[in-house]
Number of protein chains: 2
Amino acid sequence: MILNQIIIAVNDKLYVKNPESSDLGRKIIQHSILLIDEIGFDAFTFKKLGERIGSNESSLYRYFENKHKLLLYLSSWYWGWMEYRLVLETNNIPDPKIKLLKGIEILTEKVKDDSATLHINEALLNNIIILEFTKTILTKEVDRENREGFFMVYKRVINRLVNLILEAKPDYPFAKSLASSIIEGSLHQHFLKDHLTTITDCNDTQSPAIFYKNLIEQILK
Amino acid sequence: MILNQIIIAVNDKLYVKNPESSDLGRKIIQHSILLIDEIGFDAFTFKKLGERIGSNESSLYRYFENKHKLLLYLSSWYWGWMEYRLVLETNNIPDPKIKLLKGIEILTEKVKDDSATLHINEALLNNIIILEFTKTILTKEVDRENREGFFMVYKRVINRLVNLILEAKPDYPFAKSLASSIIEGSLHQHFLKDHLTTITDCNDTQSPAIFYKNLIEQILK
DNA sequence: GCAAAGATAATAGTAATACTTTCAATTGTG
DNA sequence: CACAATTGAAAGTATTACTATTATCTTTGC
């Protein structure tokens, strides 16, 4: 066992009051994941979440300005957690090729719940990220929000993958595009395997991780 | 010159009344592209569009049930037009490798306005597709809408690319995932090069098409 | 040339959303 | 125990995404 309690730091501009600082805050995080996974982010409202946790709509606004910021918070937490796992599990691998393949596996494989975080169900959070994360970037406000640092953790994860690629193949000229393609693309392949099965080779036995590891092997040749 | 007027057929479940059948309908298409590009799809409403074209909100509802269906219509039109160009420009190439590279170029290169369609500005429509298309798929309604055939043209384009890949490399085991990755990924790279420049190698001189053509060359080896 | 049909416009109305505000009740802390 | 901070309840607002009704305008068929 590594740690029995993880704390992931999130950009403090994303919340009004830190949800990790109180019971109600942690309840908001825990049940927002359950509720968004259940009904989708579009149908999700603070009113419904309030009813679910026996709390008032106006109290939730004391933690998050709006539901968009809450989603950005959950996303930042998710990528922070992925970064933590990526660093931890690739740290002591000396061979750059094996290290890169391990990194790809962590970043593209289906996520399982992590018992070290009591109020966060990572498997459900992963479902939310697959369906909603790309939408948080594809907005007219992306430049302003990027300047405020809302996507910093995500970009840091991608740049860690860039470094793994360059360690394994220093002369590869498209490391950034490849890294961002793999990370965004794997979310997309996970979605396709559940909903648009005719345009993917991925399924229950053949995961996106296998496709991307094969792709990397071709490129390393 | 190939044709001086193109008509792209779109699934008739996407509209209440065919917008190609009247002046007002064509105006809706033309100005919805301009307005969505300008203010984004979220801020776009039928009321604003009505004001812009000097028409009443309620009249627009006679053509499209809601703005989501209008976006699906524009998307279907776009992919229909891409398919038309793909088929036309790869048709007479005998060498499968050159044919595949040409196909990739058409599907991933920046789009220019096509003078054969008077009321549709393809360059602006391409901007809308980059920002909004993935969101039309990433919904809780995707299975029902897929069953209704709303994504048929898109899936057909991907399967045409699958065939080009398999003609060039018949034993490649991930043709579908690669094709869907390239098409979705190139939209994503176009977005990154304009907004999150630190996680892409693409820019004004190095287009996504160059990255993807290089990737395919690696895979064909 | 006119009547009927069809298309479009004007106006009003509704339910839901995404908040904000105010004030009261409860809880925690020095 | 008092004071501050937190939470809850209720009401209010502007906007959105429509629907419904009725009026007007434009075709087209005869």
Side-chain angles (χ1 to χ4, degrees), chain A residues 12-32 35-36 38-74 119 132 135-136 139-141 144-145 150, chain B residues 12-32 35-36 38-74 119 132 135-136 139-141 144-145 150:
Chain A
D12 60 15
K13 284 185 195 159
L14 288 174
Y15 49 77
V16 182
K17 177 178 172 170
N18 191 341
E20 291 293 343
S21 71
S22 76
D23 268 4
L24 179 59
R26 280 182 295 270
K27 252 176 142 178
I28 291 173
I29 300 305
Q30 179 183 6
H31 286 90
S32 66
L35 189 54
I36 293 171
E38 207 177 305
I39 65 176
F41 186 69
D42 275 0
F44 171 86
T45 67
F46 278 1
K47 198 174 178 183
K48 288 176 189 168
L49 179 60
E51 279 160 23
R52 188 68 74 99
I53 62 183
S55 190
N56 195 271
E57 197 186 358
S58 62
S59 303
L60 310 189
Y61 280 103
R62 298 241 164 69
Y63 285 85
F64 292 99
E65 266 178 67
N66 51 54
K67 68 174 186 171
H68 176 65
K69 287 268 174 79
L70 169 59
L71 182 58
L72 288 174
Y73 178 94
L74 295 176
H119 58 297
E132 308 296 346
K135 297 184 209 166
T136 68
T139 69
K140 284 273 177 187
E141 291 76 41
R144 184 178 44 75
E145 294 191 344
F150 295 171
Chain B
D12 60 14
K13 283 185 195 159
L14 288 174
Y15 50 75
V16 182
K17 178 177 172 171
N18 191 340
E20 291 294 341
S21 71
S22 76
D23 269 2
L24 179 59
R26 281 183 294 270
K27 252 176 142 177
I28 291 172
I29 299 307
Q30 180 183 3
H31 286 89
S32 65
L35 189 55
I36 293 170
E38 207 177 304
I39 64 176
F41 185 69
D42 274 0
F44 170 86
T45 67
F46 278 2
K47 196 173 179 186
K48 288 176 189 168
L49 178 61
E51 278 160 24
R52 188 68 73 100
I53 63 183
S55 190
N56 195 274
E57 195 187 357
S58 62
S59 302
L60 309 190
Y61 280 101
R62 297 251 159 67
Y63 285 85
F64 293 98
E65 266 178 67
N66 51 53
K67 68 174 187 170
H68 176 66
K69 287 269 175 80
L70 168 59
L71 182 57
L72 288 173
Y73 178 94
L74 294 177
H119 59 298
E132 309 295 345
K135 297 184 210 166
T136 67
T139 70
K140 285 272 175 185
E141 291 75 40
R144 184 178 43 75
E145 295 192 345
F150 295 171

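Here is the naming used below: chain letters follow the sequence lines, and residue numbers restart at 1 for every chain.
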Atom pair distance, as rounded to whole Å: [atom1] in [X] and [atom2] in [N]:
X       : N      : atom1 : atom2 : value
B/Glu51 : D/dA17 : CD    : P     : 14 Å
A/Leu71 : C/dA18 : CG    : P     : 13 Å
B/Asn56 : D/dT24 : CG    : P     : 15 Å
A/Glu57 : D/dG12 : CD    : C1'   : 12 Å
A/Glu65 : C/dT20 : CD    : P     : 8 Å
A/Phe46 : C/dA16 : CZ    : P     : 20 Å
A/Leu49 : D/dT7  : CG    : P     : 14 Å
B/Arg62 : D/dC18 : CZ    : P     : 15 Å

Tell me what [X] touches on the nucleic acid: a base, only sugar-phosphate, or nothing, going by heavy atoms under 4.0 Å.
X       : value
A/Gly25 : nothing
A/Thr45 : sugar-phosphate
B/Ser55 : sugar-phosphate
B/Lys67 : sugar-phosphate
A/Tyr61 : base
A/Gly54 : sugar-phosphate
B/Tyr63 : sugar-phosphate
A/Lys47 : nothing

task: Could you check A/Asn66 against B/Ser22 and say which one's nearest nucleotide on DNA chain C is further toward the 5' end?
output: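 Looking at the nearest nucleotide for each, B/Ser22 comes out on the 5' side.
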Point to revise | Under 3.5 Å side-chain donor-acceptor pair for A/Glu20 and A/His119 | key: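 The criterion, which ignores hydrogens and geometry beyond distance, is satisfied for A/His119 and A/Glu20.
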- Just by distance, do the side chain of B/Lys67 and the backbone of B/Asp42 share a donor-acceptor pair under 3.5 Å?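 Yes, because the side chain of B/Lys67 sits within donor-acceptor range (under 3.5 Å) of the backbone of B/Asp42.
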Could you walk me through whether B/Lys135 and B/Leu71 pass the side-chain contact (heavy atoms from CB on, under 4.5 Å) test, one step at a time? CA-CA 10 Å; B/Lys135 297 184 210 166; B/Leu71 182 57; over 6 Å; no
**Prompt:** Using 30° and 60° as the class limits, which term best fits the ring planes of B/Phe44 and B/Phe46: parallel, tilted or perpendicular?
**Reply:**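 Geometry flag for B/Phe46 against B/Phe44: perpendicular rings.
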TODO: Compare side-chain N and O positions of A/Ser58 against OP1 and OP2 of D/dG8 and report whether any pair is under 4.0 Å apart.
DONE: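 A/Ser58 to D/dG8 OP1/OP2: no side-chain N or O under 4.0 Å.
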Report task. Determine: side-chain N/O of B/Lys17 to OP1/OP2 of C/dT8, distance under 4.0 Å, yes or no. Result ->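 For C/dT8, OP1 or OP2 has a side-chain N or O of B/Lys17 closer than 4.0 Å.
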Carefully, step by step, assess B/Ile39 and B/Lys48 under the rule side-chain contact (heavy atoms from CB on, under 4.5 Å). CA-CA 10 Å; B/Ile39 64 176; B/Lys48 288 176 189 168; 3.9 Å; yes
